Amino acid sequence: MQEVIDKHYQRLAKDYDEFLYYSPQFVRALTAKMIECLQLSEDDVLIDIGCGTGMYSLDILQQVPLSKPIVGVDPYPEMLSQIPPDAPITPVAEDALTCSRRAANYNKVLVKETIHHVNRKDEFFRNMYGNLPPGGIVLLVHVPPAVQYPLFDAALQKCLRWHADPNELMALLQSAGFQVHRDSLDYRHSIPKEHYFKMVRSCYMSVLTSFPEVELEAGLREMEARYRHVDTLQFVDHFDYLTATKPAAPMG
């Protein structure tokens, strides 16, 4: 699986925003809720784990002018290189688990569609808990296993095993000591079929990169037959927002 993930992000980096930015309205819908869940203020120190091209950090900064640069952590320099060099984002080429093992001065953590790629999630959450001050927050934003995308059946079935289960994530966070609140956001996409098929052929999701080319092409033929009378694909993107807060220090 790790080999597939490495191949996916190294290959997709230059086209990542073209396929996954969707629209300013989409990004703003997600970031507005991120800011709310993180209770983000100008004095906070934010670390964006799995920041990729900095898409969400850049939009957060348009809404909350943080006094310190965001620390953007991603294991793929190819992704980090897409961040504008003058952006107030400090890029760190490192995987999430390694990053969590280093003590650092931050109080807010964003993990957007990255947690399903993190091995040893229990250790990651324990490390985050230990690094954060009382009242610090880790926000997980992720797509749950039962996606509602207009994909071929084999991809939809593999997503059930590929994506992280929100109930398991909540249990792990609570076991690490966090107080956890679960919320969600639904965003309805309307995408020209030709463009969406291009996204699938380019393996815009990591799960698609796991399919051999012959199986991917068969899946696209299945999609073509299913949506032959449709010019525009409309579907709901569902995101779980898990807000994990380190309890404040007891009085006394």
Side-chain angles (χ1 to χ4, degrees), residues 1-24 26-31 34-35 38 45-63 66 68-102 104 106 108-121 124 127-128 138-143 147 149 155 159 162-164 187 195-196 198-211 216 237 239:
M1 179 175 174
Q2 189 59 50
E3 183 179 344
V4 170
I5 294 168
D6 291 345
K7 174 185 175 183
H8 174 75
Y9 288 106
Q10 290 164 353
R11 177 187 52 80
L12 192 65
K14 68 181 188 301
D15 298 319
Y16 189 85
D17 285 8
E18 177 188 353
F19 294 140
L20 288 151
Y21 186 82
Y22 291 114
S23 71
F26 168 73
V27 173
R28 182 55 55 91
L30 268 64
T31 56
M34 291 173 187
I35 290 167
L38 285 166
V45 180
L46 175 63
I47 181 169
D48 182 357
I49 295 184
C51 69
T53 62
M55 179 191 306
Y56 296 98
S57 281
L58 290 167
D59 198 64
I60 286 172
L61 288 165
Q62 290 184 14
Q63 300 166 76
L66 296 172
K68 294 184 179 179
I70 293 175
V71 179
V73 178
D74 198 279
Y76 303 105
E78 297 89 347
M79 297 288 280
L80 293 171
S81 68
Q82 304 302 310
I83 299 174
D86 59 345
I89 298 174
T90 302
V92 176
E94 197 168 54
D95 67 82
L97 190 58
T98 300
C99 174
S100 75
R101 289 170 176 159
R102 289 189 294 102
Y106 51 79
K108 302 292 172 69
V109 182
L110 172 63
V111 187
K112 163 69 168 66
E113 286 190 86
T114 298
I115 197 61
H116 59 301
H117 294 325
V118 177
N119 296 320
R120 302 172 67 174
K121 295 177 183 62
F124 174 73
N127 292 343
M128 286 286 104
V138 175
L139 174 63
L140 305 185
V141 181
H142 75 107
V143 175
V147 300
Y149 303 158
C159 282
W162 196 267
H163 290 196
Y187 190 92
H195 182 67
Y196 189 76
K198 180 183 177 183
M199 291 167 61
V200 173
R201 182 167 279 109
S202 299
C203 298
Y204 81 105
M205 298 172 66
S206 60
V207 68
L208 294 172
T209 302
S210 71
F211 285 93
L216 184 65
D237 220 346
F239 295 90

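Quick caveat: nothing in here was measured; it's all calculated off a predicted structure.
In plain terms, the two heavy atoms of Gly72 and Leu80 that are nearest each other are O-CD2, 3.8 Å. What you find for Val143 and Val147 is that their closest heavy atoms are CG1-CG1, 3.4 Å. Nearest heavy atoms, Ile49 versus Cys99: CD1-SG, 4.4 Å. Smallest separation of non-hydrogen atoms from Ser57 and Ile89: CB-CD1, 3.8 Å. Across every non-hydrogen atom of His116 and Ser206, the tightest pair is NE2-OG, 4.3 Å. When all heavy atoms of Leu46 and Val109 are compared, the pair lying nearest together is CD1-N, 4.1 Å.
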Please tabulate, for side-chain N and O atoms in residues 12-21, each donor-acceptor pair with protein atoms closer than 3.5 Å (sequence neighbours left out).
{"residue": "Asp17", "atom": "OD1", "partner": "Thr53", "partner atom": "OG1", "Å": "2.6"}
{"residue": "Glu18", "atom": "OE2", "partner": "Lys198", "partner atom": "NZ", "Å": "3.3"}

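Every side chain to side chain donor-acceptor pair (under 3.5 Å) that His8 has, sequence neighbours left out, goes to Thr209. Tyr149 pairs by the ring pair (Phe, Tyr, Trp, His ring centres under 6.0 Å) definition with Phe235, not counting sequence neighbours. Partners of Asp74 by side chain to side chain donor-acceptor pair (under 3.5 Å), not counting sequence neighbours: none found. Looking at residues two or more places apart in sequence or on another chain, you find a salt bridge (Lys or Arg N to Asp or Glu O under 4.0 Å) between Asp59 and Arg28. Contacts of Tyr22 classified as side chain to side chain donor-acceptor pair (under 3.5 Å), with partners at least two apart in sequence or in another chain: none. Scored by the side chain to side chain contact (heavy atoms under 4.5 Å, CB included) test, Ala104 finds Tyr106 as partners (sequence neighbours excluded). Shown here are the side chain to side chain contact (heavy atoms under 4.5 Å, CB included) partners of Ser210, two or more places apart in sequence or in another chain: Val4, Lys158, Trp162, Val207. Take Asp95 and apply the side chain to side chain contact (heavy atoms under 4.5 Å, CB included) test, not counting sequence neighbours, and it matches Pro75, Leu97, Thr98. For Ser23, the side chain to side chain donor-acceptor pair (under 3.5 Å) partners at least two apart in sequence or on another chain are Gln25.
Within the structure, the ring pair (Phe, Tyr, Trp, His ring centres under 6.0 Å) test picks out the following pairs touching residues 71-95 (sequence neighbours left out): Tyr9-Tyr76. Applying the salt bridge (Lys or Arg N to Asp or Glu O under 4.0 Å) test to pairs two or more places apart or on separate chains, those with a residue in residues 85-94 are Glu94-Arg102.
To the nearest 0.5 Å, atom OG1 of residue Thr90 and atom NZ of residue Lys68 are 11.5 Å apart.
Looking only at side-chain heavy atoms (C-beta outward), Ile70 and Cys51 stay at 4.5 Å or farther from each other. Here the side chains of Lys112 and Leu30 are in contact, with some heavy-atom distance below 4.5 Å. Using a 4.5 Å heavy-atom cutoff, the side chains of Ile60 and Leu110 are in contact. The closest side-chain heavy-atom distance from Lys108 to Met34 is not below 4.5 Å. You'll find the side chain of Leu58 reaches within 4.5 Å of the side chain of Pro84, heavy atoms only.
Using cut-offs of 30° and 60° on the angle between ring planes, the pair Tyr187 and Phe26 is perpendicular.
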- [ ] Apply side chain to side chain contact (heavy atoms under 4.5 Å, CB included) to Leu216 and Cys203, showing your working.
- [x] CA-CA 9 Å; Leu216 184 65; Cys203 298; 3.7 Å; yes
TODO: Quick one: do Glu113 and Met205 satisfy side chain to side chain contact (heavy atoms under 4.5 Å, CB included)? Show the steps, please.
DONE: CA-CA 11 Å; Glu113 286 190 86; Met205 298 172 66; over 6 Å; no
